[in-house]
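The structure under discussion appears below in the form of structure tokens.
Below, all heavy atoms of this structure are taken into account, side chains as well, without hydrogens, waters or symmetry copies. For clarity, every value in this text was computed on a predicted model and none was experimentally measured. Quick note: residue numbers are just sequence positions, from 1.
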Amino acid sequence: MTAPAYRLAAVLASGEPERMYSGLSLLVSAAADGAPCAGLASFRGLDLLLEDDLIARAQVADATPSLSWQGRETFARSLMELRDAALGLDSLSLFACSASVETMSLTQTDIEERLDGVMSTPRFLRETAGTQLLFV
């Protein structure tokens, strides 16, 4: 039996900034230590991952109800920095869910500029078989 290609994989489905932060934090921490990791962003998670104005979105009270007013600005900056780190790590591959891309207002350019490509959920599960898998 061959070893899995990835050490950690996550399906990033939540559009909640706090949950996205947690998922990205796990992936970035492992990838920064050199572990190959993979993420599949789908629907609301994909929308949040590709958000152009992530800081403004993370500061909306309804999007981050557990945070204090003072804490939202710090959280928003940290989330943006974490997302940028995730997108820049060679040991972390981030993919867009093909069903999400087909049903959302996204172009191939939106995906190619930021992510490592488009992948179906079944293919992601096959490619990450044997890997610790998280659903966020």
Side-chain angles (χ1 to χ4, degrees):
M1 180 175 199
T2 59
Y6 299 105
R7 176 119 17 105
L8 180 65
V11 175
L12 304 169
S14 177
E16 297 173 26
E18 294 158 306
R19 290 185 59 139
M20 178 65 73
Y21 184 98
S22 296
L24 287 177
S25 182
L26 293 168
L27 288 170
V28 167
S29 294
D33 286 342
C37 299
L40 180 70
S42 64
F43 299 104
R44 291 183 63 212
L46 179 60
D47 182 54
L48 185 60
L49 190 64
L50 297 177
E51 174 65 55
D52 288 327
D53 196 359
L54 186 58
I55 288 181
R57 188 161 168 188
Q59 289 179 330
V60 174
D62 289 342
T64 53
S66 66
L67 301 179
S68 69
W69 282 106
Q70 301 87 347
R72 282 195 180 92
E73 186 175 334
T74 301
F75 172 79
R77 278 194 318 271
S78 295
L79 177 59
M80 187 182 73
E81 290 168 3
L82 189 59
R83 181 201 49 193
D84 292 346
L87 295 173
L89 283 168
D90 290 335
S91 54
L92 174 53
S93 300
L94 291 171
F95 302 97
C97 168
S98 60
S100 302
V101 172
E102 289 176 16
T103 57
M104 297 170 69
S105 298
L106 297 172
T107 66
Q108 194 64 29
T109 304
D110 293 330
I111 304 305
E112 290 173 353
E113 288 180 352
R114 296 186 183 170
L115 304 180
D116 296 300
V118 177
M119 189 179 293
S120 69
T121 300
R123 181 176 164 206
F124 183 79
L125 293 175
R126 280 192 307 272
E127 292 200 12
T128 60
T131 303
Q132 184 176 10
L133 179 64
L134 309 169
F135 188 86
V136 181

Exercise. Step by step, would you call Leu48 with Arg44 a side-chain contact (heavy atoms from CB on, under 4.5 Å)?
Worked result: CA-CA 6 Å; Leu48 185 60; Arg44 291 183 63 212; over 6 Å; no

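- With hydrogens and angles ignored, the 3.5 Å screen pairs a side-chain donor or acceptor of Arg83 with a backbone N or O of Leu49.
- Using a 4.5 Å heavy-atom cutoff, the side chains of Glu73 and Gln59 are in contact.
- Residues Ala61 and Trp69 approach most closely at CB-CH2, 3.8 Å, considering heavy atoms.
- Contact of the Glu18 side chain with the Leu67 side chain is registered, since non-hydrogen atoms from C-beta on lie closer than 4.5 Å.
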For this session: Evaluate the criterion side-chain contact (heavy atoms from CB on, under 4.5 Å) for residue pair Val11 and Thr121; output intermediate values, then yes/no.
Result: CA-CA 9 Å; Val11 175; Thr121 300; 5.7 Å; no

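- The two atoms that bring Arg123 and Val118 nearest to each other are NH1-O, 4.2 Å, heavy atoms only.
- Although no hydrogens or angles enter the test, the distance criterion places a donor-acceptor pair under 3.5 Å between the side chain of Arg114 and the main chain of Leu50.
- Scanning both residues, Ser68 and Gly71, for their nearest heavy atoms gives OG-N, 2.9 Å.
- Although no hydrogens or angles enter the test, the distance criterion places a donor-acceptor pair under 3.5 Å between the side chain of Thr64 and the main chain of Ala58.
- Salt-bridge annotation for Arg57 and Asp47: present, with a side-chain N of the basic residue lying under 4.0 Å from a carboxylate O of the acidic one.
- Between Glu81 and Arg77 there is no salt bridge, since no side-chain N of the basic residue sits under 4.0 Å from a carboxylate O of the acidic one.
- Counting heavy atoms from C-beta on, the side chains of Cys97 and Leu46 never come closer than 4.5 Å.
- A distance of 9.0 Å separates CG of Leu134 from CG of Leu12, quoted to the nearest 0.5 Å.
- Residues Leu87 and Leu115 have side chains in contact (heavy-atom distance under 4.5 Å, counting atoms from C-beta outward).
- Separating the CD1 atom in Ile55 from the CG atom in Asp53 is a distance of 7.5 Å, to the nearest 0.5 Å.
- The heavy-atom pair separating Ala30 from Leu8 by the smallest distance is CB-CD2, 4.0 Å.
- For the atom pair OG of Ser120 and CZ of Arg126, the computed distance is 6.0 Å after rounding to the nearest 0.5 Å.
- Put simply, the side chain of Thr131 gets close to the backbone of Tyr6: a donor and an acceptor are under 3.5 Å apart.
- A search for side-chain hydrogen bond (donor to acceptor under 3.5 Å, both in side chains) contacts involving Asp110 returns Thr107, not counting sequence neighbours.
- Using cut-offs of 30° and 60° for the angle between ring planes, the Phe124 and Phe95 rings count as perpendicular.
- Proximity of a side-chain donor or acceptor of Ser91 to a complementary backbone N or O of Ala31 within less than 3.5 Å is detected.
- Closest of all the heavy-atom pairs between Asp116 and Ser93 is OD2-CA, 3.1 Å.
- The CG atom of Leu125 sits 8.0 Å away from the CG atom of Leu40 when rounded to the nearest 0.5 Å.
- The two residues Val101 and Ala96 make their nearest non-hydrogen contact at CG2-CB, 3.6 Å.
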